[in-house]
Amino acid sequence: MKSPSSKEIIKKSYDRLYKAFGRQRWWPTQGIENPLFEIIIGTILTQNTAWQNAEKAIINLCSNNLIDIGKIKKINRKRLANLIRSAGYYNQKAERLKIVAQHLAKYPSIKVFFDRPAEELREELLSIKGIGPETADSILLYAGNKPCFVVDAYTKRIFSRLGLCEQDIDYHELQKIFIDSLKKDVRLFQEYHALIVECAKLFCRKKPVCKKCPLEKMCRKK
Ligand code: SF4
């Protein structure tokens, strides 16, 4: 039997995941006044940790009224680190938040910052200390509403097990496979990444739980 193409694997996986989990409505925010900055903060706090740990830190920042570029820029770094302790690597992340806030403060508003082509923005984001491709694309996709597909460790894990790629595939190579296979649509990219995360959390863990996984019928590793 003919092996499915990358495009077929990617489209079929989306359909199955969407059917199983439904709409994810990412990025989750606390519903405060500055959701775009909250998303940016979230992308940094969730680096190398589970979302629940980052979320506790965001709630802490919200209750201290700190989801604000000017306030993060001014706050004492040690105090900020203490407030985001639950997210892990808190000294490093406090420094990163302050650097990002200093950068964004150069613009009249976040909307003005994002009001440029994605490529230009991506380059600028990558020039900021502590922002790598995954964080930059998460910011662009979820805060900037730009069609940048986010690749993370979960994407590599699931799609290597499905036979689409090697587990250690280069970030941009896998990103290109997805972009070339899908309609360039922001909502679709937002949903797909969220569905991948859901599948990895519930089923495609380090030790996979394949039995009820929505991708089980098309998976090579079973
Ligand atoms: S069937 Fe198992 S290995 Fe394949 S994607 Fe699902 S959980 Fe992962």
Side-chain angles (χ1 to χ4, degrees), residues 1-29 39 42-56 58 86-89 132-143 145-222:
M1 208 174 77
K2 196 178 130 238
S3 304
S5 67
S6 303
K7 201 170 178 172
E8 282 163 347
I9 295 174
I10 287 171
K11 288 198 159 177
K12 220 168 159 187
S13 301
Y14 179 82
D15 292 342
R16 283 172 184 265
L17 293 174
Y18 191 88
K19 199 171 166 206
F21 304 137
R23 205 172 146 208
Q24 299 297 296
R25 296 183 168 84
W26 263 33
W27 186 281
T29 55
I39 293 170
T43 63
I44 291 167
L45 291 179
T46 199
Q47 289 171 343
N48 303 308
T49 193
W51 172 250
Q52 297 93 294
N53 302 329
E55 195 175 32
K56 280 183 208 154
I58 293 172
S86 67
Y89 303 98
E134 184 186 330
T135 306
D137 288 329
S138 298
I139 291 172
L140 290 169
L141 180 62
Y142 291 104
N145 278 310
K146 307 283 182 189
C148 298
F149 196 87
V150 178
V151 169
D152 64 356
Y154 294 151
T155 318
K156 291 185 181 180
R157 184 196 292 165
I158 293 174
F159 286 89
S160 60
R161 288 172 174 174
L162 290 178
L164 178 87
C165 62
E166 296 296 324
Q167 169 96 51
D168 62 351
I169 186 169
D170 168 72
Y171 183 97
H172 295 103
E173 200 183 324
L174 186 53
Q175 184 185 49
K176 187 173 183 317
I177 295 174
F178 273 89
I179 290 174
D180 289 348
S181 303
L182 296 165
K183 198 173 135 209
K184 212 171 179 188
D185 180 283
V186 173
R187 297 279 166 257
L188 173 66
F189 285 10
Q190 289 176 339
E191 273 304 316
Y192 207 159
H193 176 64
L195 289 166
I196 287 169
V197 173
E198 192 66 4
C199 181
K201 276 192 330 204
L202 296 177
F203 300 103
C204 207
R205 301 172 184 163
K206 273 188 189 154
K207 192 169 174 219
V209 184
C210 301
K211 215 168 163 206
K212 290 189 177 163
C213 171
L215 305 177
E216 201 253 345
K217 283 206 174 99
M218 51 185 286
C219 191
R220 286 192 188 172
K221 182 186 172 80
K222 276 181 275 182

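Note that the structure is predicted; figures quoted are calculated from it, not measured. Counting starts at 1 for both ligands and their atoms, following the listed order.
Note: E191 CD to Y18 OH = 5.5 Å, rounded to the nearest 0.5 Å. The NZ atom of K156 lies 8.5 Å from the CD atom of Q167; values are rounded to the nearest 0.5 Å.
Although no hydrogens or angles enter the test, the distance criterion places no donor-acceptor pair under 3.5 Å between the side chain of T135 and the main chain of I44.
At least one N/O/S atom of C210, from backbone or side chain, sits under 2.8 Å from atom 2 (Fe) of ligand 1. Note on C204: counted as a metal contact of atom 8 (Fe) of ligand 1, an N/O/S atom lying under 2.8 Å.
Counting atoms of ligand 1 from 1 in the listed order, those under 4.0 Å from a heavy atom of F203 are 7 (S).
Looking only at side-chain heavy atoms (C-beta outward), F203 and L215 stay at 4.5 Å or farther from each other.
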